[in-house]
Amino acid sequence: MNTGTHLRTCHLCEAMCGVAIEVEDGAIQSVKGDPDDPFSHGHICPKAVALQDQYSDPDRLRRPLRRTADGWQEMEWDAALDLVAERLAQVRHNHGRNAVGVYQGNPNVHNHGALIAGQSFLRALGTQNRFSATSNDQLPHMLANLEMFGHQALFPVPDIDRADLFICIGANPMASNGSLMSVPDFRGRLKALKDRGGELVVLDPRRTETARQGSEFHFVRPGTDALLLMGMIHTLFDEQLVDPGAAAPYVKDADLLRLAALPYAPERVAEPTGVEADTIRSLARRLAGTHRGFLYGRIGTSTQSHGGVATWLIYAINILTGKLDTPGGLMFTHPAIDLVALGALSGQHGHIGRRHSRVRGLPEFAGEYPASTMADEMLTPGDGQIRAFVTIAGNPVLSSPGGQRLDDAFSGLDFMVSVDYYLNETTRHADVILPPTHALERSHYDVIFNMLAVRNVAKYSEPLFEPDADGRHDWQILLDLAHRLEQHKRGGALPLRQELGWRAFRKAGPDTLLDVALRTGPYGPTPGRLTPLFQTALDRIQAILPEKHPLQGLSRLSPLDRRWRERPKGLSLRTLKASPHGVDLGPLQPALPDRLYTRDGRIHLAPRRYLSDLERLYERLTQTPTQDLLLIGRRHVRSNNSWMHNSQRLVKGKERCTLMIHPRDASLCGVDDGSLAQVQSEAGQIVVAVEVTDDIMPGVVSIPHGWGHHREGTAQRVAEAHPGASINDVVRDDQVDPVSGTSVLNGQTVFVRKARRQDAGRKTVA
Ligand SMILES: Nc1nc2c(c(=O)[nH]1)N[C@H]1C(S)=C(S)[C@@H](COP(=O)(O)OP(=O)(O)OC[C@H]3O[C@@H](n4cnc5c(=O)[nH]c(N)nc54)[C@H](O)[C@@H]3O)O[C@H]1N2
Ligand SMILES: Nc1nc2c(c(=O)[nH]1)N[C@H]1C(S)=C(S)[C@@H](COP(=O)(O)OP(=O)(O)OC[C@H]3O[C@@H](n4cnc5c(=O)[nH]c(N)nc54)[C@H](O)[C@@H]3O)O[C@H]1N2
Ligand code: SF4
Ligand SMILES: [Mo]
C-alpha cells in the first residue's frame with residue numbers, strides 16, 4: 001500500500017488486537033488501535049506501535065547470509081536453499097536422520113503460513129530430534145487437555161466477560177496481555193468484571209501489576225502451587241462443596257481425586273506454600289460458592305518442578321466446582337477453523353512418551369523432546385548425536401534453560417541454519433541465515449489464537465506492503481527446503497504425483513488452504529463439503545502432507561458431524577476480506593459432550609500419569625523448605641520474549657532487566673538498590689542491577705527473561721546498547737518436571753552476592 005489506512009491484527013502477542021496503520025508514500029505514519037475491531041474495540045499496547053520500528057529496522061536481515069572466513073556474505077535465495085538442503089542431506093546421509101536437530105520458536109504460532117508448511121518441512125527432515133518453545137511454556141496445559149479431555153489442543157478458556165470471580169495463580173495478564181486466554185484489553189475487561197461486583201484474587205510470589213488490580217493478594221512460595229491446589233481440593237471434598245454442574249454427567253474418577261487429596265489438609269500445606277490454611281479454605285469455598293468464575297494458572301504454575309500436576313489440579317478444581325462449560329467459567333471455543341476437530345479427523349489427538357530422548361531418557365510430547373535436553377543431545381557423543389541444527393523463529397540461547405551450554409553446543413555443530421530475520425544470540429552460530437519477509441508483508445489469520453480466544457471471532461488481514469522483489473515468506477522457505485530435502489532422499493526427481501503435489505501446494509499457498517478450511521468449517525457456506533475445484537487441489541496437496549496433518553481432516557469432514565453444527569454464516573476468505581475489521585461469531589458456547597475426545601467420552605479427573613507423580617509431591621510436604629533464594633521470571637509490557645529489544649521506544653527509560661529482591665534478603669546478601677549483584681547457580685553466573693522491593697516474597701528473587709544481548713557477533717544495535725543479562729544463563733537445564741518434560745524455569749535455587757568490580761565487566765560467554 002502506498003497511502004491510506006491499513007487494518008490488521010497485531011501478531012505480536014496472543015491478544016489479537018486490531019490495529020489501524022496509517023501509511024503515506026509507502027511509509028508508516030502511525031499505528032493505532034482499530035475502534036471498529038469487534039474483539040479489541042480499539043485497544044492496543046505499546047508494542048503495536050513498535051511494529052513500525054521493526055518493519056523499518058536497518059538491522060533486520062533481508063537477504064540470505066552465509067558465514068565465510070571473511071565474515072557474512074549475502075547469497076541468492078536459490079543458491080542458499082540448495083546449499084542448506086545439501087548440507088542437511090549430507091549430515092543425514094553420514095550420521096542418520098536423527099543427527100539433524102530442529103527447534104521451532106514462538107513466532108511460528110503467530111504465522112499461519114509457517115504453521116502449515118512447517119509440518120511438511122519436519123516430515124522431510126524426518127528427525128526425531130525435534131524441540132520447540134512448547135516445553136518452555138504451555139506443555140502442561142496441552143498434556144492436561146490430552147489426559148482429561150482427549151485432545152492436546154482442546155484448551156478450556158476463561159470466559160472473563162461473564163465471570164464474577166477470577167482467581168489468578170502464576171500469571172500476570174496485566175503485563176502479558178493474557179495467555180491461553182486471548183483477551184485484548186485485559187484491563188478494560190477486568191474493570192468491567194469489577195464494575196459488575198466481581199472480584200480478582202491473585203496468588204503469586206510477586207505482587208504483580210495484576211495483583212495491584214485485585215481485591216486480594218497472597219504470596220505463594222515458588223514451586224509449591226500443587227500443594228496449595230491439593231489443599232483446595234481437600235477442602236472441597238471435606239466440606240462437601242463438590243458439584244461439577246454442567247460437566248457432572250461426564251466426569252469420572254472424582255473419588256480417586258478425593259483420595260489423592262486426603263494427605264493435603266490446608267493446615268499441612270500452609271507452611272511449605274506460605275499461604276495460610278484459612279486462605280486456602282476460603283479460596284475453595286468462594287470458588288464453589290460463585291456461579292460464574294474460574295481459577296486460572298499460567299507460566300508460573302506450568303514451567304516449574306510440579307508444572308504437570310499443578311496444571312491438572314487447576315483444571316480439576318474448576319471442574320469440581322462446576323466451572324467447566326458454564327458461561328463465566330472455563331469454556332471450549334468454536335473457532336472458524338477448528339484444528340481440534342480437523343486434527344481428530346486425521347487421527348491426531350496428541351501423545352506422550354512414545355519415545356524417550358537418547359541422553360536423559362525424557363519423554364517426547366507431540367513428537368518433541370524437552371527443550372531442556374537440547375544441549376545434551378548436541379554435546380553428548382554417540383550414535384544419534386545431533387550434528388546439524390535448524391532453528392525456525394526461535395532464540396533458544398536466550399529463551400531456553402542452560403543458555404551458556406546451548407551457546408557452546410551450537411558453536412560446535414557441523415552445520416547450522418536459522419530461518420530468522422535477526423542476527424542474534426542464537427543465529428550468530430548459523431552457517432546460513434534465511435530471513436523471511438516481515439509480518440507486514442504477509443497476510444495474517446490467527447489459526448491458533450482463535451482457538452484460545454475469550455470470544456469466537458475471525459479476522460483476515462491482507463499484507464500491508466509488497467515484499468522485496470526477492471523476498472520469501474516463511475512458508476515458501478520451509479516448503480522449498482522440504483521439497484529439496486525430499487529430492488535428496490530420492491537421489492533425484494520425485495515421482496510425478498508428488499511433484500504435482502509440491503507445485504499445487506506452492507501455487508495455492510496457505511491462503512487457499514485457509515479458504516478451504518473456512519468454507520468447509522462450522523461457519524462456512526458449505527460446512528463439511530468441498531467443491532470439486534478445491535477437492536482436486538486439496539487431493540494433490542494432501543498427497544504430500546504428513547499423514548496426521550490437520551488439513552488431512554478436511555476430506556474426512558461430514559456435514560452431519562455433531563461437532564460442525566454451528567449455524568452457517570457463509571464465512572470464507574472472500575467474506576473475511578470484505579470485513580477487514582473482523583467478524584464477531586458470538587460469545588463462547590457450551591460444548592459438552594460433543595467436544596470431548598476421550599475414548600470413553602468422559603472427563604478424566606484423575607489420570608494415572610499424574611497420580612504416579614504424587615509421591616514426589618508428598619515428599620515436598622515433608623521436606624524442610626530450602627533456605628536458599630528461589631529464582632523466578634517476569635514479563636514487562638514493553639518486551640516480547642527476546643526479540644523486541646531492538647526498538648528504541650520499547651527499551652528506553654529505566655533499566656528493566658533487574659534482580660528484584662526483598663529488603664530482608666538484600667541485606668543478608670549484602671546488596672543495595674541500584675548496585676550490581678552476581679547471581680550464580682551450577683549453570684553459570686550473571687551480573688544484574690539490583691532492585692530492592694517488598695513487592696517480592698522474602699526468599700524469592702526475580703529476573704525477566706529475553707535479555708543478555710552482549711554476546712559477540714550479534715547485529716542488533718539498540719538491543720546491544722541495552723544488553724541486560726540472561727536469566728537462562730543461570731537457569732539449569734538438568735531439571736524438568738518429570739511428568740511432562742517441561743523446563744523448570746521458575747523456582748530454581750540461586751546464590752546472590754554483591755558483584756565485585758571485575759564481575760561487572762565480565763562477559764558471561766566469550
Ligand atoms: N526463564 C524463562 N525463560 C523463558 C520463559 C520464561 O518465562 N522464563 N518463557 C518461555 C516462553 S513462554 C516462550 S514462548 C519462549 C520463547 O522462546 P523463543 O521462541 O525461542 O524466543 P523468542 O524470543 O520468541 O525468539 C523469536 C525469534 O524469532 C524471530 N522472529 C520473529 N518473527 C519472526 C518471523 O515472522 N519469522 C521468523 N522466521 N522468525 C521470526 C526473532 O528474530 C527471534 O530470533 O521463551 C521461554 N523462555
Ligand atoms: N509483554 C509481554 N507479553 C507477553 C510476552 C512477553 O514476553 N512480554 N510473552 C508471551 C508469551 S510467549 C507467553 S507464554 C505469555 C505468558 O503469560 P503469563 O503467564 O501471564 O506471563 P508472566 O508475566 O510470565 O506471568 C507468570 C507469573 O508467574 C509468577 N510465578 C513465577 N513462579 C511461580 C510459581 O512457582 N508459582 C506461582 N503461583 N507463580 C509463579 C511470576 O511472578 C509471574 O507473575 O505472555 C505472552 N505475552
Ligand atoms: S496486546 Fe499484544 S496483540 Fe495487542 S497490541 Fe499489544 S502486542 Fe499487539
Ligand atoms: Mo510463550
Side-chain angles (χ1 to χ4, degrees), residues 11-15 45-47 54 60-61 103-111 113-114 132-134 136-138 168-181 202-211 220-225 228 296-307 310 371 391-401 403 418-427 434-439 442 473-474 477-478 630-644 646 696-697 700 702-706 716 726-728 730-731 743 745-747:
H11 72 289
L12 293 172
C13 85
E14 302 182 34
C45 85
K47 287 186 292 300
Q54 220 181 58
R60 183 164 61 80
L61 306 176
Y103 172 89
Q104 293 173 289
N106 168 280
N108 283 295
V109 195
H110 301 259
N111 181 341
S132 83
T134 291
N136 289 329
D137 190 348
Q138 82 289 359
C168 180
I169 180 165
N172 186 13
M174 281 297 289
S176 68
N177 291 303
S179 182
L180 304 184
M181 165 173 77
V202 177
L203 297 113
D204 200 290
R206 180 170 78 88
R207 191 177 293 105
T208 60
E209 296 74 10
T210 305
V220 53
R221 188 162 291 120
T224 65
D225 304 83
L228 179 142
Y296 165 78
R298 214 24 212 106
I299 286 292
T301 44
S302 64
T303 55
Q304 52 136 298
S305 59
H306 295 274
T391 64
I392 309 168
N395 190 4
V397 169
L398 295 193
S399 63
S400 258
S418 294
V419 182
D420 204 297
Y421 45 55
Y422 277 120
L423 184 45
N424 62 20
E425 298 72 20
T426 297
T427 61
L434 302 172
T437 54
H438 186 259
R442 58 177 194 242
H473 299 302
D474 277 294
I477 298 170
L478 294 172
L630 300 176
L631 176 64
I632 62 167
R634 68 176 188 269
R635 283 173 162 76
H636 188 280
V637 75
R638 282 191 286 128
S639 278
N640 192 24
N641 298 324
S642 77
W643 70 282
M644 290 198 63
N646 211 40
I696 194 133
M697 188 175 189
V700 181
S702 156
I703 303 174
H705 75 283
Q716 289 190 293
S726 177
I727 182 179
N728 286 320
V730 290
V731 175
S743 300
L745 302 176
N746 290 287

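Read the numbers this way: they start at 1 and go in the same order the structure lists the ligands and their atoms.
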Donor on one side chain, acceptor on other, [X] and [Y], under 3.5 Å:
| X | Y | value |
| --- | --- | --- |
| S702 | R634 | yes |
| E14 | N177 | no |
| T303 | S743 | no |

Looking at [X], which atoms of ligand 1 are within less than 4.0 Å of one of its heavy atoms?
| X | result |
| --- | --- |
| N395 | 18 (P), 20 (O), 21 (O), 25 (O), 44 (O) |
| N728 | 1 (N), 2 (C), 3 (N) |
| R442 | 35 (O) |
| Y422 | 42 (O) |
| I727 | 1 (N) |

**OP:** Go through the structure and list residues passing salt bridge (Lys or Arg N to Asp or Glu O under 4.0 Å) with D137, not counting sequence neighbours.
**Re:** R298
Original post:
For the residue pair C168 and T210, what are the closest heavy atoms and their distance?
Top reply: SG-CG2, 4.5 Å
Original post:
Quick check: does any side chain N or O of S176 sit under 3.5 Å from a backbone N or O of G178, one acting as donor and the other as acceptor?
Top reply: yes
**OP:** Report all protein residues having a heavy-atom distance below 4.0 Å to some atom of ligand 2; order the list by chain, then number.
**Re:** E14, K47, N106, D137, I169, G170, A171, N172, P173, A175, S176, S179, L203, D204, P205, T208, V220, P222, G223, D225, R298, I299, G300, Q304, I632, G633, R635, H636, V637, S639, N640, N641, N746
**OP:** Say whether A439 and ligand 1 are in contact under the criterion: heavy-atom distance to a ligand atom below 4.0 Å.
**Re:** no
Subject >> N641, N136, N728 screened by side-chain hydrogen bond (donor to acceptor under 3.5 Å, both in side chains) with H705, the one that passes >> reply: N641
Please classify the [X] to ligand 1 contact at 4.0 Å (heavy-atom distances, strictly less than): side chain, backbone, both or neither.
| X | value |
| --- | --- |
| T426 | neither |
| D474 | side chain |
| N108 | neither |

**OP:** Mind checking the CG-OG spacing from D225 to S305? Nearest 0.5 Å is all I need.
**Re:** 9.5 Å
Subject >> Stepwise side-chain contact (heavy atoms from CB on, under 4.5 Å) check, W643 with Q54 >> reply: CA-CA 10 Å; W643 70 282; Q54 220 181 58; 3.0 Å; yes
**OP:** Please test L630 against R221 for side-chain contact (heavy atoms from CB on, under 4.5 Å), starting from the C-alpha separation and ending with a verdict.
**Re:** CA-CA 9 Å; L630 300 176; R221 188 162 291 120; 4.0 Å; yes
